Undergrad: 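Got a structure for you, questions after.
Computed from a prediction, not measured in an experiment: that's the story for all the values here. Index from 1, following the sequence.
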Amino acid sequence: MLLVPVDDSVVFPTMTVTLAIDVAGEERVVLVPRKGEEFASVGTVADVADHIRLPGGGRAVALEGLHRGRIGAASTGPDGQLRVEVEPHPDEVPVDGKTRELEREYRAVVEEILEIRGDDGRVAAFVRSIIEPGALADTAGYSPDLTYDNKVELLEILDVTERLRRSLELQRERLTELQVRRQIREDVQSGAEKQQREYFLRKQMESIQKELGDDDGSVIEEYRTKIAEAGMPEAVQEQAEKELGRLERMGEASGESSMIRSYLDWLIAVPWSKRSDERLDPVHAREVLDADHAGLEDVKDRIVEYIAVRKLRQERGIAEDKKSGAILTLIGPPGTGKTSIGESIARATGREFVRMSLGGVRDEAEIRGHRRTYIGALPGRLVRALRDAGTMNPVIMLDEVDKVGADWRGDPSAALLEVLDPAQNHSFRDHYLDVELDLSEVVFIATANMAETIPAPLLDRMEVVRFDGYTTVEKVAIAKGYLWPRQRDRNGLREDEVAVSDDVLTGVVTEYTREAGVRNLERTLGTLLRKTATKIASGKATAPVEIDMDEVRDALGRQRFFQESAERTAIPGVATGLSVTGAGGDVLFIEATSMKGKDGLVLTGQLGDVMKESARIALSYVRGHADKLGIDEDAFDGREFHVHVPAGAIPKDGPSAGITMTTALASLLSGRPVKHTVGMTGEVTLQGRVLPIGGLKQKVLAAH
């Protein structure tokens with residue numbers, strides 16, 4: 001037969017095709033598809049049904065497929081055309097049940113495919129009309145989704161049952177693919193429809209709310225805009241949008257909506273993306289600190305160092321270390337300028353300043369915030385401080401950190417452990433917001449009067465800078481440079497209306513104020529200036545007024561503090577001790593006396609356990625070393641000793657009174673008075689060793 005090669009399609013038996021070829025007088029030809037460089041092993045024997053003349057003079061033939069034929073040897077005819085031997089293979093009709101089962105399955109699968117493709121029923125009817133299994137299997141050749149190779153493969157399968165099985169496999173694959181496509185299309189369509197539906201419903205809701213005067217839709221949009229503009233970290237923005245979605249679905253009528261709105265208000269209020277422009281100039285910072293405060297060299301040095309390090313890191317392009325935050329704790333007596341230096345630090349660095357007073361705080365939620373399950377829940381004070389500052393890098397002053405309490409509501413100092421730890425506070429989590437807050441850029445300045453009442457784990461995280469009291473010279477300098485001008489302005493006086501000499505200020509410091517700080521001194525100067533202002537305003541005095549000690553006595557009354565140690569220690573049995581209190585250094589007069597009675601020791605003056613032990617050690621030491629001290633051993637027999645520390649209303653405890661008690665008892669028993677120019681401090685042991693002391697500067701100032 002004449003071989004007609006087919007390149008891009010496969011002709012099956014029962015198909016009719018028109019090809020632009022010339023077959024001369026042939027009645028039958030064999031149509032063979034190409035497989036790469038070769039021909040397929042099976043072709044379709046076709047009748048030449050008609051010769052067609054094409055426009056332009058070309059010729060074509062209409063061919064009707066009859067049956068398969070196995071291709072044999074090839075040869076070239078006298079006309080130069082390729083002819084091949086063909087072994088006819090008409091389809092045999094098997095009668096076994098397996099083939100019938102495959103036919104039913106094939107028809108069902110094809111009908112499913114046609115249904116998905118939107119067939120109008122004509123193709124399905126055509127498939128149902130085919131009764132021969134071979135012809136039914138060949139209908140797969142009509143499918144546009146089958147590849148050319150799949151069709152060649154089907155053409156080459158001569159066994160009808162096997163061909164039907166393979167056609168069923170290919171059509172099943174097509175069905176699965178079409179079902180997946182339909183599912184994707186339906187999902188996309190339903191998603192688009194849902195969005196469109198929600199859009200229309202939202203617009204309707206907005207319209208209804210506008211009619212009712214309830215503008216909730218605009219509130220949602222306003223929140224959406226604020227969240228977008230807040231510059232939140234990604235995790236925080238996700239949380240905010242999730243809560244906004246809840247609020248939108250819930251509507252304003254729900255009882256929970258006000259809680260969600262409060263939560264969103266707080267999330268938006270945190271200045272996530274706002275930073276103060278720092279002035280990283282160590283020289284300028286030092287000038288500002290010196291202008292605001294006299295002394296306090298340690299604190300000033302530490303702040304200048306912090307600014308200098310940040311400046312170098314920035315200039316040299318070194319990435320900011322989140323674990324290098326500044327956390328200073330200023331420990332010292334009241335009135336020494338701890339709180340006011342926080343404002344100066346903020347001014348020196350160009351940051352915002354926020355003060356948080358922790359005195360008396362007993363609830364852990366004050367620091368970490370309440371959980372949102374509680375009614376009236378609020379974030380902790382740190383979140384509020386950041387909101388008030390309006391930036392993420394303010395100076396936050398934690399005032400009176402030593403006066404934090406603890407009760408059944410938790411221990412706030414334990415919550416502060418995370419805040420004041422540079423290794424942790426870059427991911428601080430407030431219970432109310434329940435998102436991570438970066439506190440590493442905040443400069444924390446904590447203040448306390450005493451280190452002893454700060455819990456040890458908290459103190460361990462703090463960089464402590466000690467604030468000792470001021471000497472008389474320092475107090476006079478502070479009064480002259482800071483307190484006097486400030487009080488003068490507050491009392492409506494001009495610089496040329498009132499003057500005071502250094503000697504008078506020294507007199508006020510030593511005779512009317514005995515304190516570690518300068519708070520009481522400022523009040524006293526205020527009183528002095530008010531009296532002067534009253535005289536000038538009422539015409540009893542004319543400016544300028546020069547204040548002398550007579551004016552001071554007239555305004556402040558008689559002298560309040562005296563140098564009494566000479567009088568007190570003139571009698572044997574009284575010794576001068578030095579101690580540290582929350583208000584700075586103080587002088588203690590320890591008195592000892594003896595009386596007839598059983599051997600014993602009476603202690604008075606509201607003493608703690610440690611001071612009671614010191615008194616017993618002192619008596620034991622004096623008795624054990626009576627010879628060395630020149631004391632008659634019989635002086636102890638039948639006598640009872642009484643040691644008293646005056647100012648009984650003030651609780652006193654600490655080991656450093658041991659040497660003073662020992663000296664008082666030795667003075668009493670030897671009959672020799674103690675030198676009134678000597679103050680003493682230190683714990684004493686049973687062997688008579690005096691141990692090292694703390695609080696040296698406060699004690700020296702008290703002695704001075």
Undergrad: If you compare all heavy atoms of Gln487 against all heavy atoms of Gly526, which two are closest, and at what distance to 0.1 Å?
TA: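 Smallest interatomic distance, heavy atoms only, reads OE1-CA, 3.4 Å.
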
Undergrad: Can you tell whether the side chains of Arg368 and Glu418 come within less than 4.0 Å, N to carboxylate O?
TA: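 Yes, charged N to carboxylate O under 4.0 Å.
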
Undergrad: Show the nearest heavy-atom pair for residues Leu525 and Ala479, with the distance to one decimal.
TA: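 Closest heavy-atom pair between Leu525 and Ala479: CD1-CB, 3.9 Å.
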
Undergrad: Going from CG on Leu328 to CG on Leu398, what distance comes out if it is rounded to the nearest 0.5 angstrom?
TA: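 Atom-to-atom, Leu328:CG and Leu398:CG are 11.5 Å apart.
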
Undergrad: Does Asp277 have more than 12 heavy atoms from other residues, nucleotides or ligands lying within 6.0 Å of its CG?
TA: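 No, the 6.0 Å shell around CG holds no more than 12 heavy atoms from other groups.
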
Undergrad: Is a donor on one side and an acceptor on the other found under 3.5 Å between the side chain of Arg246 and the backbone of Lys242?
TA: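 Side chain of Arg246 to backbone of Lys242, a donor-acceptor pair under 3.5 Å: no, none is there.
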
Undergrad: Nearest heavy-atom pair of Phe353 and Arg355: which atoms, and what distance?
TA: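 Scanning both residues completely, I find the closest heavy atoms to be CE2-CB, 4.1 Å.
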
Undergrad: Flag the pair Val580 / Thr681 as yes when at least one side-chain heavy-atom distance between them is below 4.5 Å, and no otherwise.
TA: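 With C-beta onward as the side chain, the pair stays apart.
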
Undergrad: How long is the span from the CD1 atom in Ile260 to the CD atom in Glu243, to the nearest 0.5 Å?
TA: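 Here the rounded value is 5.5 Å.
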
Undergrad: What I'd like to find out is whether the side chain of Lys274 reaches to under 4.5 Å of the side chain of Glu352, using heavy atoms alone.
TA: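 SC-SC contact between Lys274 and Glu352 ruled out.
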
Undergrad: May I ask you to decide if Leu267's main-chain N or O and Trp272's side chain share a donor-acceptor pair within less than 3.5 Å?
TA: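 Checked: pair present.
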
Undergrad: What's the separation between atom NZ in Lys699 and atom CG in Leu578, rounded to the nearest 0.5 Å?
TA: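 Taking NZ in Lys699 and CG in Leu578, the distance rounds to 7.5 Å.
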
Undergrad: Measuring only between side-chain heavy atoms, which start at C-beta, is Tyr263 closer than 4.5 Å to Gln239?
TA: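 Yes, side chains in contact.
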
Undergrad: Nearest 0.5 Å please: distance from the CG atom of Asp399 over to the CG atom of Leu358.
TA: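 CG of Leu358 is found 8.0 Å from CG of Asp399.
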
Undergrad: CG of Leu521 to OH of Tyr470: how many Å apart, nearest 0.5 Å?
TA: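 Result: 11.5 Å between the selected atoms.
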
Undergrad: Given Ile341 and Glu343, is the side chain to side chain contact (heavy atoms under 4.5 Å, CB included) satisfied, shown in steps?
TA: CA-CA 5 Å; Ile341 202 164; Glu343 296 178 43; over 6 Å; no

Undergrad: Please name the pair of heavy atoms, one in Ile693 and one in Gly682, separated by the smallest distance, quoted to 0.1 Å.
TA: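 So the two residues come closest at CG2-CA, 3.5 Å.
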
Undergrad: Could you check whether Arg347 pairs with Asp292 (Lys NZ or Arg NE/NH1/NH2 to Asp/Glu carboxylate O, under 4.0 Å)?
TA: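 Looking at Asp292 together with Arg347, the answer is yes, because their closest N to O distance falls below 4.0 Å.
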
Undergrad: Sub-3.5 Å donor-acceptor pair from the side chain of Asp298 to the main-chain atoms of Val465, do we have one?
TA: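 No; zero donor-acceptor contacts below 3.5 Å.
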
Undergrad: Just wondering, do Leu382 and Asn425 contact through their side chains at under 4.5 Å, heavy atoms?
TA: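 No; the side chains remain at least 4.5 Å from each other.
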
Undergrad: How about Glu287 and Asp290: do any of their side-chain heavy atoms sit closer than 4.5 Å?
TA: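 No. Closest side-chain heavy atoms not under 4.5 Å.
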
Undergrad: Between Asp438 and Ser440, is there a side-chain donor-acceptor contact under 3.5 Å, judged purely by atom types and distance?
TA: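 On atom types as modelled, these side chains qualify, holding a pair under 3.5 Å.
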
Undergrad: Provide the closest heavy-atom pair for Ile331 versus Asn449 in the form atom of the first, atom of the second, distance.
TA: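 Heavy atoms only, the tightest pair is CG2-O, 4.0 Å.
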
Undergrad: Using modelled atom types and a 3.5 Å cut-off, is there a donor and acceptor pairing between side-chain atoms of Glu366 and backbone atoms of Asp363?
TA: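 Checked: no pair found.
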
Undergrad: With a 4.5 Å cut-off on side-chain heavy atoms, are Met462 and Leu459 touching?
TA: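 A side-chain contact exists here, since the closest heavy-atom pair is under 4.5 Å.
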
Undergrad: Kindly indicate, with the supporting measurements, whether the criterion side chain to side chain contact (heavy atoms under 4.5 Å, CB included) is fulfilled by Tyr432 and His370.
TA: CA-CA 5 Å; Tyr432 181 81; His370 305 85; 5.5 Å; no

Undergrad: When you check the gap from the basic side-chain N to the acidic O, do Arg286 and Glu305 get nearer than 4.0 Å?
TA: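 No salt bridge links Arg286 with Glu305.
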
Undergrad: Donor-acceptor pair, distance only, cut-off 3.5 Å: does the side chain of Glu515 make one with the backbone of Asn520?
TA: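 A pair under 3.5 Å: yes.
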
Undergrad: Decide yes or no for Val236 and Val270: does some side-chain heavy atom of the first lie under 4.5 Å from some side-chain heavy atom of the second?
TA: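 A side-chain contact is absent here, since even the closest heavy-atom pair is not under 4.5 Å.
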
Undergrad: Give the intermediate values and the outcome of side chain to side chain contact (heavy atoms under 4.5 Å, CB included) for residues Glu497 and Val545.
TA: CA-CA 6 Å; Glu497 288 183 317; Val545 175; over 6 Å; no

Undergrad: With distance as the sole test, does Ser656 use its side chain to make a donor-acceptor pair with the main-chain N or O of Glu683 at under 3.5 Å?
TA: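 No: the side chain of Ser656 does not pair with the backbone of Glu683.
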
Undergrad: Could you tell me whether a side-chain N or O of Lys338 sits under 3.5 Å from a main-chain N or O of Gly332, the two making a donor and an acceptor?
TA: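 Yes: the side chain of Lys338 pairs with the backbone of Gly332.
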
Undergrad: Main chain of Gly380, side chain of Asp430: is a donor-acceptor contact present, judged purely on distance under 3.5 Å?
TA: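 Yes: the side chain of Asp430 pairs with the backbone of Gly380.
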
Undergrad: Within a 6.0 Å radius of atom CZ on Arg486, are there more than 12 heavy atoms belonging to other residues, nucleotides or ligands?
TA: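 More than 12 heavy atoms, drawn from other residues, nucleotides or ligands, come within 6.0 Å of this atom.
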
Undergrad: Taking atom NZ of Lys403 as the centre, does the number of heavy atoms from other residues, nucleotides or ligands within less than 6.0 Å exceed 12?
TA: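 Enclosed.
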
Undergrad: Has Tyr374 got more than 12 heavy atoms of other residues, nucleotides or ligands less than 6.0 Å from its OH?
TA: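 12 or below, so no.
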
Undergrad: Carefully, step by step, assess Glu511 and Arg553 under the rule salt bridge (charged side-chain N to carboxylate O under 4.0 Å, His left out).
TA: CA-CA 10 Å; Glu511 295 180 17; Arg553 297 263 186 270; 2.7 Å; yes

Undergrad: What are the two closest non-hydrogen atoms of Thr391 and Pro271, and how far apart are they?
TA: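 Residues Thr391 and Pro271, closest heavy atoms: N-CG, 3.4 Å.
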
Undergrad: Should the heavy atoms of other residues, nucleotides or ligands under 6.0 Å from CD of Glu234 be counted, would the total exceed 12?
TA: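 Open.
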
Undergrad: Walk me through whether Met356 and Phe444 qualify under side chain to side chain contact (heavy atoms under 4.5 Å, CB included).
TA: CA-CA 11 Å; Met356 278 171 54; Phe444 285 103; over 6 Å; no

Undergrad: For Ile367, is there any backbone N or O sitting under 3.5 Å from a side-chain donor or acceptor partner on Arg381?
TA: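 Such a contact is absent between Arg381 side chain and Ile367 backbone.
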
Undergrad: Please indicate whether Glu495 has more than 12 foreign heavy atoms, meaning atoms of other residues, nucleotides or ligands, lying under 6.0 Å from its CD.
TA: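 12 or below, so no.
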
Undergrad: Does a side-chain heavy-atom distance below 4.5 Å link Leu289 with His293?
TA: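 In short, these two side chains do not touch, never coming nearer than 4.5 Å.
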
Undergrad: Treating Asn393 as the side-chain partner and Ser276 as the backbone partner, does any N or O pair qualify as donor plus acceptor under 3.5 Å?
TA: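 Answer holds: yes.
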
Undergrad: Working to the nearest 0.5 Å, report the span between NZ of Lys480 and CG of Asp502.
TA: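 So the NZ of Lys480 and the CG of Asp502 are separated by 4.0 Å.
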
